Amino acid sequence: MSSMYLRLFIRRAVNTRLYLDRVEDRCDMERSGPPIPVVLFDRLGSSTSCGVHSGNCAYQISLIIKFSMLCHPGLLISLRKFVMSAVSKPEVIFVLGGPGAGKGTQCTNIVNKYGYVHLSAGELLREEQLKPGSKYGELIQGHMVNGTIVPVQITCSLLAQAMEKSGSNRFLIDGFPRNTNNLDGWNEAMSDKVNFLGVLFFDCSEQVCINRCLLRGASGSGRSDDNEETLKKRFQTYQNSTIPIIKHYEAQGLAYKIDANKAADQVFEDVQKVLARLQH
Ligand SMILES: Nc1ncnc2c1ncn2[C@@H]1O[C@H](COP(=O)(O)OP(=O)(O)O)[C@@H](O)[C@H]1O
Ligand SMILES: O=c1ccn([C@@H]2O[C@H](COP(=O)(O)OP(=O)(O)O)[C@@H](O)[C@H]2O)c(=O)[nH]1
């Protein structure tokens with residue numbers, strides 16, 4: 001029972017990171033060496049504080065747990081897992097490409113094989129738009145129909161919430177950042193909270209993209225933007241606003257271009273080669 005309570009608590013703590021407090025100068029342990037956290041306990045009434053040292057950072061984590069729980073055999077293992085995930089930032093890969101390039105399709109393949117959590121910015125916006133009483137519903141719908149881009153504060157907070165809720169620490173962020181407003185907003189709010197691995201760039205011709213989206217619309221995607229008129233605008237937005245973001249990452253050697261005109265299984269072969277590089 002106490003172990004269950006603790007696991008739930010730990011999950012919450014990892015998700016919210018509310019309890020992780022960086023105290024660089026308050027730890028007198030060795031400041032170098034492998035990033036294996038050292039955990040010390042120090043009983044403070046009914047709460048326990050735990051000091052952690054990893055690489056060149058020291059952390060102090062306060063856990064509101066009953067001291068008696070420390071006797072539980074599963075506790076130290078759970079605590080070690082908690083500490084490891086608290087000190088390592090979540091991995092993020094951005095997935096970019098034109099509308100219909102196959103981003104969602106390949107993300108599904110990656111999730112199945114590698115266990116990332118797939119967060120589609122467009123899907124999160126569609127969910128928000130459909131929420132009864134959402135104050136952003138109309139604004140989101142307007143942008144989607146016009147093929148323009150929703151302000152970053154909305155998208156970034158939906159992404160951050162979804163990351164927190166998932167409990168995972170490996171994410172594919174699909175269809176974001178799409179313009180400089182997205183990029184700046186993400187960098188300001190999130191860049192120091194994640195370990196950014198790079199961008200999977202699905203490069204696909206306009207005609208192939210449009211045909212795929214029209215087919216997706218005709219086979220019942222239910223998306224208000226899978227029609228010829230909106231698709232033209234979406235592609236223009238992609239060329240004018242998103243390509244410069246991809247170029248920005250290319251210039252830093254962080255974008256991995258994949259030919260997405262090929263059949264889906266061939267594209268996935270190439271994706272796997274890129275992931276092998278990204279993960280080492
Ligand atoms: N390599 C491919 N070849 C042919 N059709 C594809 C390929 N990849 C995806 N599709 C199809 O094209 C449509 C758009 O793919 P999707 O993954 O939803 O693209 P995106 O997320 O980039 O908008 C879907 O109907 C999907 O089944
Ligand atoms: O970060 C994002 C992602 C999506 N969108 C909006 O959602 C639409 C659909 O995006 P999605 O990624 O679902 O589809 P894609 O165009 O890549 O097929 C876009 O045209 C934009 O209007 C947005 O504003 N910001």
Side-chain angles (χ1 to χ4, degrees), residues 92 94-112 118-130 136-163 171-186 189-190 199-243 245-246 258-271:
V92 166
F94 288 147
V95 180
L96 294 174
K103 302 182 293 296
T105 304
Q106 296 304 328
C107 284
T108 303
N109 289 339
I110 297 169
V111 167
N112 292 339
H118 172 208
L119 298 178
S120 157
E123 206 49 57
L124 290 169
L125 288 166
R126 279 186 284 277
E127 278 169 20
E128 177 64 30
Q129 184 217 327
L130 292 175
Y136 302 121
E138 264 180 49
L139 184 141
I140 294 172
Q141 170 69 1
H143 280 289
M144 291 211 166
V145 169
N146 288 317
T148 49
I149 298 166
V150 172
V152 70
Q153 289 77 4
I154 299 173
T155 317
C156 200
S157 77
L158 292 173
L159 286 167
Q161 279 168 36
M163 286 169 77
F171 299 98
L172 295 169
I173 298 192
D174 164 9
F176 179 92
R178 278 173 127 95
N179 62 3
T180 45
N181 165 266
N182 282 183
L183 180 65
D184 294 345
W186 169 271
M190 301 295 288
V199 177
L200 293 182
F201 165 35
F202 290 102
D203 188 27
C204 195
S205 75
E206 175 166 357
Q207 203 48 57
V208 170
C209 282
I210 289 181
N211 290 345
R212 286 184 190 167
C213 288
L214 289 177
L215 213 63
R216 181 171 67 185
S219 49
S221 70
R223 283 179 52 164
S224 58
D225 57 353
D226 277 346
N227 61 73
E228 215 149 345
E229 195 190 336
T230 302
L231 271 164
K232 288 272 174 213
K233 295 180 189 164
R234 285 162 68 192
F235 217 86
Q236 257 180 9
T237 303
Y238 168 65
Q239 272 168 334
N240 296 336
S241 304
T242 312
I243 296 266
I245 303 303
I246 295 167
I258 292 163
D259 181 357
N261 295 289
K262 301 186 208 168
D265 52 351
Q266 285 176 277
V267 177
F268 189 51
E269 298 270 310
D270 295 340
V271 167

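All of these numbers come straight from a predicted model, not from anything done at the bench. Atoms within a ligand are numbered from 1 in the order they appear, just like the ligands themselves.
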Novice: T148 versus ligand 2: do any nitrogen or oxygen atoms come within less than 3.5 Å of each other?
Specialist: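 By distance alone, the answer is yes.
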
Novice: Applying a heavy-atom cut-off of 4.0 Å, say which part of R216 lies close to ligand 2: side chain, backbone, both or neither.
Specialist: side chain

Novice: From atom 13 (O) of ligand 2, work out which of M144, R212, E123, R126 has a heavy atom at the shortest distance.
Specialist: R126

Novice: Applying a strict 4.0 Å limit to heavy atoms, is Q129 in contact with ligand 2?
Specialist: no

Novice: If the threshold is 4.0 Å, N to carboxylate O, is there a salt bridge linking D226 and R234?
Specialist: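 Result for this pair is yes, salt bridge flagged.
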
Novice: Does A264 reach ligand 1 with a nitrogen or oxygen that is under 3.5 Å from one of the ligand's nitrogen or oxygen atoms?
Specialist: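 Yes, at least one N or O pair falls under 3.5 Å.
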
Novice: Considering L214, T105, L96 one by one, which has a heavy atom nearer to atom 15 (O) of ligand 1 than any of the others?
Specialist: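 Answer by nearest heavy atom: T105.
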
Novice: Under a 4.0 Å heavy-atom limit, does T155 contact ligand 2 with its side chain, its backbone, both, or neither?
Specialist: side chain

Novice: Give me the nearest non-hydrogen protein atom to atom 21 (O) of ligand 1 as residue plus atom name, then the distance to 0.1 Å.
Specialist: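 Residue, atom and distance for the closest contact: G104 N, 2.9 Å.
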
Novice: Check this for me - ligand 1, A101, N or O atoms closer than 3.5 angstrom, yes or no?
Specialist: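 Yes, there is a polar N/O contact under 3.5 Å.
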
Novice: Is there at least one pair of N or O atoms, one from G100 and one from ligand 1, spaced under 3.5 Å apart?
Specialist: yes

Novice: For R234, which part has a heavy atom under 4.0 Å from ligand 2: side chain, backbone, both, or neither?
Specialist: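 The side chain, only.
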
Novice: For atom 3 (N) of ligand 1, which of the options R212, Q266, K103, Q106 provides the nearest non-hydrogen atom?
Specialist: R212

Novice: For atom 1 (O) of ligand 2, which protein heavy atom lies nearest, and how many Å away is it?
Specialist: G175 O, 3.2 Å

Novice: Going by heavy-atom distance to atom 11 (P) of ligand 2, choose the closest among K103, R223, K233.
Specialist: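 Answer by nearest heavy atom: R223.
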
Novice: Any idea which part of Q141 is under 4.0 Å from ligand 2, heavy-atom wise: side chain, backbone, both or neither?
Specialist: neither

Novice: Find all atoms of ligand 2 within a distance of less than 4.0 Å from any non-hydrogen atom belonging to D225, and give their numbers and elements.
Specialist: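 With D225 as reference, the close atoms of ligand 2 come out as 8 (C), 9 (C).
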
Novice: Looking at K233 and D225, is any side-chain nitrogen of the basic one under 4.0 Å from a carboxylate oxygen of the acidic one?
Specialist: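 Between K233 and D225 there is no salt bridge, as every charged N stays at least 4.0 Å from the carboxylate O atoms.
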
